[in-house]
Amino acid sequence: MENKQVMKKTFGIMTAITMVVGTVIGSGIFFKPQAIYTATGGKPGLGMIAWLITGLVSIAAALTFAEIAILIPKTGGMVEYLSEVFGERVGYLAGWMQVVLALPAMAAGLAVIFADQVTLLTENNVTIPVAIFVLIFVVILNCMSSKVGGGVQVVFTICKLVPLVLIIVFGFIKGSGTNTVFTPMVGEGLSPITVLGTLMVAILFAFEGWTNVGAIAGEMKNPGRDLPIAIVGGVSVITAIYFIINLAYLWVIPADQLAATSAPATLVARHIFGDFGSILITIGIMISCFGTCNGFLMSGSRVTYAMAEGGKLPFFKFLSKLNKTQTPANSIIFTGALSCIFALTGQYNLLTDLGVFSSWIFYTLTFVAVIVYRKQRPDIKRSYKVPLYPIIPILAIISGIFVVLNQFITATMLSLGSVIITLIGLPVYIYMNKKHMSNS
């Protein structure tokens with residue numbers, strides 16, 4: 001009889017909350033204020049409110065996502081949920097999107113913003129070569145072993161909190177507090193509804209990571225009780241941190257100046273700490289970006305490996321090979337190569353908006369899947385059910401549709417590119433299925 005290993009159930013509520021917080025907080029809070037206040041026409045009101053609205057949307061989305069994550073605890077996550085409910089083709093497209101688009105684009109965007117800080121410090125335009133160097137370096141680290149890649153993630157997760165705390169504390173102590181915070185809402189001639197959609201796409205990148213919450217369910221002592229508390233607690237803590245640090249930014253620098261700089265957190269740090277202090281804060285922010293880049297590259301390579309292992313990708317034999325340290329090195333190199341191609345754009349906001357838009361198409365389908373699965377399989381015992389069903393799932397679905405449609409209207413070419421690249425997965429799926437059948 002096979003001796004199957006089972007993960008120990010050791011996580012309680014506090015551990016789960018800290019895991020959610022550590023996974024989500026990345027670079028968005030340091031750099032998205034530029035995109036946010038540019039979209040509002042240099043006015044602070046709607047930008048601040050959007051952080052709260054997006055936090056509530058993320059809570060509703062994560063509460064909904066958790067139900068199906070606990071019911072279908074399979075490797076592959078969203079790919080498996082959508083395959084189970086809507087069929088293999090939909091699940092395949094979700095995986096294809098993550099492999100060739102969302103996760104490499106996110107990793108590339110983080111490498112670009114890291115490189116932007118090097119350009120800022122050295123006053124030399126080295127963004128693209130440094131971004132590619134960072135990605136290659138991350139690939140090398142991850143190919144050494146999963147332990148090295150995981151260790152990098154832990155260390156950099158801790159380090160990313162330092163600049164956040166320093167800016168919040170000293171921003172309120174040393175800032176003037178004379179800048180407006182909640183008025184005016186947007187600049188003249190701008191539609192608040194249209195602007196809100198643009199803001200939500202930008203801010204959702206800062207919340208990216210809550211979809212991984214189902215991954216810890218198998219190690220929780222009481223997931224049915226503790227997981228929703230961890231989600232609400234974790235995302236609420238993140239929302240509070242994001243709101244407070246944005247308040248600290250405005251306490252020091254007005255919104256129109258934050259819109260005019262590619263490194264708003266560094267500008268605030270320079271006002272608080274002077275040139276030397278701002279350099280230290282910038283290095284701390286770069287550490288945060290590097291760690292988050294590492295996380296997205298790790299995630300992307302694992303999704304690639306999981307799909308290749310199932311024979312679902314071209315060159316699956318190559319991509320599913322493990323090296324001597326039992327690490328999916330070929331999948332890591334593949335994800336890194338795609339990230340390098342994306343990094344050639346040198347556009348942080350474009351790359352992260354692309355990743356968010358692509359992902360939220362399938363997040364929204366997953367919210368719909370929760371309602372559909374209740375009708376398909378009412379007999380399954382659900383240790384956790386979405387509270388206030390069906391209100392919260394419907395809120396998550398409406399929010400997802402709003403984000404996707406608004407982005408399609410305001411950034412049509414980017415959105416069309418995302419949809420076309422995703423739909424290329426259909427002929428690939430048909431080809432791989434035929435190949436599999438002919439070999440069986």
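Scope of the values below: all heavy atoms of this structure, side chains included, with no hydrogens, waters or symmetry mates.
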Original post:
Between Arg377 (side chain) and Lys375 (backbone), is there a donor-acceptor pair under 3.5 Å?
Top reply: no
Original post:
Can any side-chain N or O of Thr352 pair as donor or acceptor with the backbone N or O of Met106 at less than 3.5 Å?
Top reply: no
Original post:
Got Met298 and Thr335 here, is their nearest side-chain heavy-atom distance under 4.5 Å?
Top reply: no
Original post:
Within the distance-only criterion (no hydrogens, no angle test), does the side chain of Trp360 pair as donor or acceptor with the backbone N or O of Ile401 below 3.5 angstrom?
Top reply: no
Original post:
Nearest 0.5 Å, what's the OG-CE distance between Ser358 and Met97?
Top reply: 6.5 Å
**OP:** Give the minimum heavy-atom separation between Val386 and Arg374, together with the two atoms involved.
**Re:** N-NH2, 3.6 Å
Subject >> Presence of salt bridge, Arg382 and Glu67, under 4.0 angstrom >> reply: yes
**OP:** For the pair Phe207 and Trp51, name the ring-plane relationship: parallel under 30°, tilted 30 to 60°, perpendicular over 60°.
**Re:** tilted
Original post:
Counting heavy atoms not belonging to Arg89, are there more than 12 under 6.0 Å from its CZ?
Top reply: no
Original post:
What is the distance from atom CH2 of Trp96 to atom OG1 of Thr304, rounded to the nearest 0.5 Å?
Top reply: 10.0 Å
**OP:** Assess whether atom NZ of Lys32 is packed by more than 12 heavy atoms of other residues, nucleotides or ligands within 6.0 Å.
**Re:** yes
Original post:
Is the backbone N or O of Phe402 less than 3.5 Å from a side-chain atom of Asn406, with the two atoms forming a donor-acceptor pair by type?
Top reply: no
**OP:** Without swapping roles, check the side chain of Asn330 against the backbone of Phe318 for a donor-acceptor pair under 3.5 Å.
**Re:** yes
Original post:
So Phe137 and Phe133, would you call those rings parallel, tilted or perpendicular, with 30° and 60° as cut-offs?
Top reply: parallel
**OP:** Over 60° means perpendicular and under 30° means parallel, so classify the ring planes of Phe408 and Phe357, tilted if in between.
**Re:** tilted
Original post:
Can you tell me if Asn433 and Tyr429 form a side-chain donor-acceptor pair at under 3.5 Å?
Top reply: yes
**OP:** State whether a side-chain donor-acceptor pair under 3.5 Å links Asp116 with Ser262.
**Re:** no
Original post:
Do Tyr373 side-chain atoms and Leu71 backbone N/O form a donor-acceptor pair below 3.5 Å?
Top reply: no
